[in-house]
Amino acid sequence: MLKKFYKIIIVPYTLFLLYLMFLGMGRFQYDDNLITVEPVFSTIEFIHNTISWKDIVIIVLGNIVMFIPFGFLGWIFPQLRDLKILMYTFMASIVIVEALQYFTRMGIFEVDDILLNTLGVYLGWLLCRCIEKKFSRLVL
């Protein structure tokens, strides 16, 4: 049952996420192409320079939590049940999306986003395995 629901919801969810990454949350086209390549340090600096905890949670935790559903892609594509293949596939995909943000100037190419998004997929993969073990009847 969960697999059927996931198969129905993942495409609209992906389209919604792409909308957020390119057009949502007050996005606008930057005058210049922007890139942030200092892993972890730029996120720490963002946290230190941001007054609002709400902004920190939305940006940092959102970059993790919003990508958890992609850890379940093995339910649709059996080869993605293998963590290594899932990680390579996802990282290639998210680098392309980040590059599109850079080239369209509708966002910033950020290495931290790639790392946080990938962490979200990994946590989703772990959650998927846990759900399959504990609730095998509901997964079908």
Side-chain angles (χ1 to χ4, degrees):
M1 180 162 156
L2 287 176
K3 284 184 181 181
K4 289 178 184 177
F5 177 74
Y6 181 79
K7 288 178 183 180
I8 293 168
I9 201 72
I10 193 62
V11 171
Y13 180 78
T14 302
L15 293 173
F16 171 71
L17 201 55
L18 287 170
Y19 167 79
L20 289 179
M21 294 173 79
F22 286 94
L23 302 170
M25 299 176 13
R27 292 210 187 251
F28 58 91
Q29 191 169 33
Y30 291 97
D31 293 332
D32 297 316
N33 299 73
L34 302 172
I35 186 168
T36 304
V37 292
E38 295 176 330
V40 181
F41 294 111
S42 60
T43 298
I44 292 171
E45 183 180 332
F46 169 76
I47 290 170
H48 279 93
N49 293 332
T50 301
I51 296 170
S52 169
W53 279 100
K54 180 183 173 187
D55 291 340
I56 293 169
V57 169
I58 288 172
I59 301 297
V60 177
L61 289 182
N63 269 316
I64 297 169
V65 172
M66 294 294 286
F67 287 85
I68 288 175
F70 296 103
F72 291 77
L73 282 172
W75 285 357
I76 299 173
F77 306 103
Q79 65 273 27
L80 296 180
R81 291 182 58 79
D82 179 77
L83 179 61
K84 190 183 293 187
I85 294 171
L86 175 65
M87 289 292 108
Y88 286 139
T89 304
F90 176 77
M91 288 180 77
S93 301
I94 199 65
V95 165
I96 290 169
V97 170
E98 290 287 328
L100 286 171
Q101 284 185 321
Y102 173 80
F103 289 117
T104 62
R105 297 188 323 246
M106 292 303 290
I108 302 170
F109 184 103
E110 294 188 76
V111 173
D112 279 0
D113 283 355
I114 295 168
L115 296 173
L116 293 170
N117 299 164
T118 303
L119 175 61
V121 172
Y122 175 68
L123 293 174
W125 183 84
L126 291 174
L127 181 61
C128 181
R129 296 300 152 273
C130 183
I131 288 171
E132 287 175 343
K133 286 181 183 175
K134 297 215 184 244
F135 305 104
S136 60
R137 294 187 324 251
L138 294 173
V139 172
L140 302 171

What one should report as the nearest heavy-atom pair of Leu116 and Val60 is CD1-O, 4.1 Å
Roughly how far, to the nearest 0.5 Å, is the CD1 atom of Ile68 from the CH2 atom of Trp125? 14.5 Å
Would a 4.5 Å heavy-atom cut-off, applied to side chains only, mark Phe72 and Ile10 as touching? no
Please determine whether residues Val65 and Tyr19 belong to a single hydrophobic cluster, defined as Ile, Leu, Val, Met, Phe, Trp and Tyr linked transitively by side-chain heavy-atom distances below 4.5 Å. no
Write down the atom of Gln101, the atom of Met21, and the distance for their closest heavy-atom approach. NE2-O, 2.6 Å
Met106 atom CE: more than 12 heavy-atom contacts under 6.0 Å: yes
So, for Cys128 and Trp75, which heavy atoms are closest and what is the spacing to 0.1 Å? SG-NE1, 3.3 Å
Hey, is the main chain of Pro69 close enough, under 3.5 Å, to the side chain of Tyr6 for a donor-acceptor pair? yes
Would a single hydrophobic cluster contain both Val111 and Leu119, if residues Ile, Leu, Val, Met, Phe, Trp and Tyr are joined by side-chain heavy-atom contacts under 4.5 Å? yes
Hey, any chance Phe5 and Ile8 share a hydrophobic cluster, counting ILVMFWY side chains that come within less than 4.5 Å of each other, even indirectly? no
So salt bridge (charged side-chain N to carboxylate O under 4.0 Å, His left out) across residues 79-94, not counting sequence neighbours, yields Arg81-Glu132
ILVMFWY clustering at 4.5 Å (side-chain atoms), partners of Tyr88: none
In sequence, state the C-alpha distance, the side-chain angles, and the governing distance for Phe22 and Val97, and then conclude on side-chain contact (heavy atoms from CB on, under 4.5 Å). CA-CA 9 Å; Phe22 286 94; Val97 170; 4.0 Å; yes
Which distance, rounded to the nearest 0.5 Å, do you find between the CD1 of Ile59 and the NZ of Lys54? 11.0 Å
Phe109 versus Val95, closest heavy-atom pair with distance: CE1-O, 3.9 Å
Give the cluster check for Ile9 versus Val11: same hydrophobic cluster or not, with ILVMFWY residues linked at side-chain heavy-atom distances below 4.5 Å. no
Residues pairing under side-chain hydrogen bond (donor to acceptor under 3.5 Å, both in side chains) where one sits in residues 111-124, two or more places apart or in two chains, turn out to be Ser42-Asp112, Thr43-Asp112, Asn63-Asp113, Asn63-Asn117
Side chain Gln79, main chain Ile85, donor-acceptor under 3.5 Å: no
What pair of heavy atoms forms the shortest contact from Glu98 to Ile108, and how long is it? OE1-O, 3.0 Å
Do the non-hydrogen side-chain atoms of Leu86 and Phe70 ever get within less than 4.5 Å of each other? no
Output, in order, the C-alpha distance, side-chain angles, deciding distance and verdict of side-chain contact (heavy atoms from CB on, under 4.5 Å) for Leu17 and Tyr13. CA-CA 6 Å; Leu17 201 55; Tyr13 180 78; 4.2 Å; yes
